[in-house]
Every structure is written in C-alpha cells, then in structure tokens.
Amino acid sequence: METSLENIKRRILKIEKKRPAYKEILNFYFKIKKEQEKIKPSLKIEQIQMRQDLKNLLSQQGFPLFEKRDFPIDLESSINLFKAICKIGKKANPHMSKEIEKIEDSIHEKGFDLKEIFKDFHKEERIKEILRDYGLDEKIFFFLLKESIRPSIEEDTKKLTEMVDKEKWLKNFCPLCGSQPYLALLKEEAGKRYLTCSFCGSQWRYERISCPFCTNSEQNSLQYFYAEEEDAYRIDTCEKCKQYIKTIDLRKLELFDPILEDLSTIHLDILASKKGYKRPTLNPWL
C-alpha cells in the first residue's frame, strides 16, 4: 500500500508520542524517505524481459523468476541519492559522520570507484573486500548503498509483481528474486500470513504454522511473544533453528510502512536476542 509523506509523518508523530526514545532515528528515517520519494518521478528503469514459456517453467518448478543482478537500477539517480543521504547521515551522529567522511575521502582522493560498485551492487562479498581494502565501515556503507538503490528496486518490483501468483507460491523465499523474508504480515479478516522480501519488498502468501527459515511445522516448537499493549507486533520464534521473524498484524494498523514499523519496534528485536533467538535477515536500518 502506497503512503504519502504527510501520512508517514503523522504516523511518526504518533509513534514518538508513545515511544519517545525513537524520536531521533525516526526523524532520520523521514529525512531519507523524503529524498527517496523526491527522485522517484525521474527514475529511468528498463523493463525486465522474460519469455512466457520460461516464466511458466520456473514457476512450475518452484524457482524464483530472477536473481538480484537482474534488477535494473537508475545509476545516475542512485548515486545522486547516495550523496544526498551522506549529507543527512553526517548530521545523524558522530560515528556515522566520521565514517561517511572516510567514504567521501576515498571516493575523491583514493580512487574508490563508486559507479562500479553501484553497477555490481549484488556482489556483496566483492564489495566487502573493497571496503576492507579501504578500511571503510561495512555496515554503514551497505546501509547507504541499499537505501540509495531502494527507489529503483521498488520500481522494479512494482512492474514485476503481477508476474507471479503470490497466493499460491507458499515457499519460504521470494518468488521474484529468491531472497529470504525479513517481515511477516497478517492480513484480511482471516489473518492470512504473508512474507515480505528482504531485498525487493515483494509480498507472498505463506503458511501460518511454519517457520519461514527452516520450514519446521511442528506446532509445539513454534511460539510467539509480544510486548504489553502492543499486540499489533509480535515475534514468531522457532525452537528448532532458534531463529525468529517479526510479525505485524495489519488488521490493527491504520497505516503501514514496513521499514518504519520495523524500525519503531527495535525493542522487540532486543528482547528476542536476549531470549537467545537470531534474526537471519535484518532491515538495513537495524
């Protein structure tokens, strides 16, 4: 569901009133969200082409239609957004400011080829090697990179989403790109469960009683917990693999922005970690 910036701002103010400790990071998120929305009208994204017979074959065999490398990005817009996010990030906190300055120095003075990295955004291990060579912070750089290409990836997903039957997929990986989920959603009156892709943001139907990581379906080993007076959000845990996914009940929210709702419930991630569970796929903001 698309949401306007005004609605997102109202949602942020509502969250801040209830959880004041989140004010700084939510304002940071909103500043970046504004920059991302600003470039969307000017994006130039080529349509991914696929033969119908190949699409049918992949779907029938249970394979995702594409790989991350297949998703086109608007290179110029993404790099411009990267620079804008860097400006915002330098005002966020001293650590991020220092690391962004190191990144900018590497780009301007040490031959760090930002354009080539954006072209190969899907080659994470190769990018990590380059970052180590330059002594740059991996987490901060990947945060900047992923938020810079996000508008392009969202536009890709919007164009591709009708290519799969997301009601019948029922697998624990994305039907479009094959990535793992990072959020679960409960929708409609019956509370149907949907997973949200950690890369492209696509959503697809999944079984209510099944771990989305190890596919364990033994009900007595699948539990959940939530914070008091916050029953729209919960942590679904699996005792077999000791992993968890955050679940958001959309029936109890008026507005939904996945990153915002995930970001404003970090306390649940901390609680899950203290209980000994791990989250395999993180929102880059976390």
Side-chain angles (χ1 to χ4, degrees), residues 5 8-9 11-13 15-17 19-40 42-43 73-154 182 198-199 257-270 273 279 281-286:
L5 286 173
I8 290 175
K9 184 61 178 178
R11 177 65 181 149
I12 286 175
L13 292 173
I15 294 170
E16 287 176 354
K17 187 175 181 180
R19 308 173 202 138
Y22 284 96
K23 181 175 182 178
E24 185 176 340
I25 194 168
L26 294 184
N27 285 336
F28 179 48
Y29 169 73
F30 186 68
K31 289 176 184 177
I32 291 179
K33 182 71 173 179
K34 283 198 296 185
E35 293 297 325
Q36 291 171 331
E37 293 298 314
K38 189 187 299 183
I39 73 160
K40 282 186 176 181
S42 63
L43 285 176
I73 66 169
D74 184 324
L75 189 61
E76 182 179 355
S77 294
S78 297
I79 290 176
N80 288 337
L81 181 56
F82 181 91
K83 294 174 182 177
I85 294 175
C86 282
K87 288 182 180 179
I88 297 170
K90 283 197 287 188
K91 297 178 182 179
N93 61 67
H95 175 66
M96 181 171 277
S97 177
K98 179 182 176 181
E99 294 302 324
I100 289 176
E101 286 178 1
K102 288 170 64 176
I103 292 169
E104 291 177 333
D105 288 345
S106 296
I107 294 170
H108 297 310
E109 300 175 10
K110 299 178 182 178
F112 184 86
D113 196 333
L114 189 63
K115 182 178 288 188
E116 288 303 311
I117 285 181
F118 268 81
K119 286 180 179 177
D120 293 335
F121 69 87
H122 58 283
K123 298 180 180 178
E124 293 198 7
E125 291 307 314
R126 174 58 184 147
I127 294 174
K128 287 178 181 179
E129 288 180 11
I130 295 171
L131 296 177
R132 285 193 289 268
D133 289 342
Y134 281 87
L136 301 177
D137 187 298
E138 289 182 14
K139 289 183 179 179
I140 287 179
F141 184 83
F142 273 107
F143 166 76
L144 298 170
L145 174 64
K146 290 178 179 179
E147 292 309 306
S148 299
I149 67 172
R150 186 180 296 281
S152 290
I153 301 302
E154 288 179 351
Y182 84 99
S198 57
F199 173 69
D257 177 291
I259 295 177
L260 174 60
E261 298 301 335
D262 193 14
L263 189 59
S264 64
T265 50
I266 297 175
H267 54 284
L268 293 179
D269 295 278
I270 295 171
S273 179
R279 186 175 181 179
T281 48
L282 283 178
N283 176 338
W285 284 81
L286 303 185

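Counting from 1, the numbers follow the sequence of the chain as shown. Model, not experiment: these values are computed from the prediction.
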Using a strict 4.0 Å threshold on nitrogen-to-oxygen distance, state whether Asp269 and Arg279 make a salt bridge. yes
The side-chain contact (heavy atoms from CB on, under 4.5 Å) partner of Ser264 among Ile259, Asp257, Leu26 is Leu26
With a 6.0 Å cut-off (strictly less than), is the heavy-atom count around NZ of Lys146, excluding the residue itself, greater than 12? yes
Counting only N and O atoms by type, is there a donor-acceptor contact under 3.5 Å from the side chain of Lys102 to the main-chain atoms of Gly135? yes
Are any of the side-chain nitrogens in Lys139 or Glu99 under 4.0 Å away from the carboxylate oxygens of its partner? no
Measure from the side-chain N and O atoms of Asn27 to the backbone N and O of Lys23, and report whether any donor-acceptor pair falls under 3.5 Å. yes
Side chain Asp120, main chain Lys123, donor-acceptor under 3.5 Å: no
Atom pair CD1/NZ of Ile100 and Lys87 - distance to nearest 0.5 Å: 12.5 Å
Gap between atom CG of Leu260 and atom CD1 of Ile15 - 0.5 Å precision: 4.0 Å
Ion pair check, Glu101 and Lys98, cut-off under 4.0 Å: no
Please verify the inter-ring angle class for Phe112 with Phe141; under 30° counts as parallel, over 60° as perpendicular, anything in between as tilted. perpendicular
Salt bridge or not between Arg132 and Glu129? Use side-chain N to carboxylate O under 4.0 Å. no
Hey, are the side chains of Lys38 and Leu81 touching, using non-hydrogen atoms and a 4.5 Å cut-off? no
Interatomic distance, CD@Glu35 vs CD@Glu147, rounded to 0.5 Å, equals 12.5 Å
Less than 4.5 Å apart, any side-chain heavy atom of His267 and any of Tyr22? yes
Between Lys33 and Glu37 (salt bridge meaning N to carboxylate O under 4.0 Å), is one present in this structure? yes
Please check this pair: side chain of Tyr29 against backbone of Ile12, looking for a donor-acceptor N/O pair closer than 3.5 Å. no
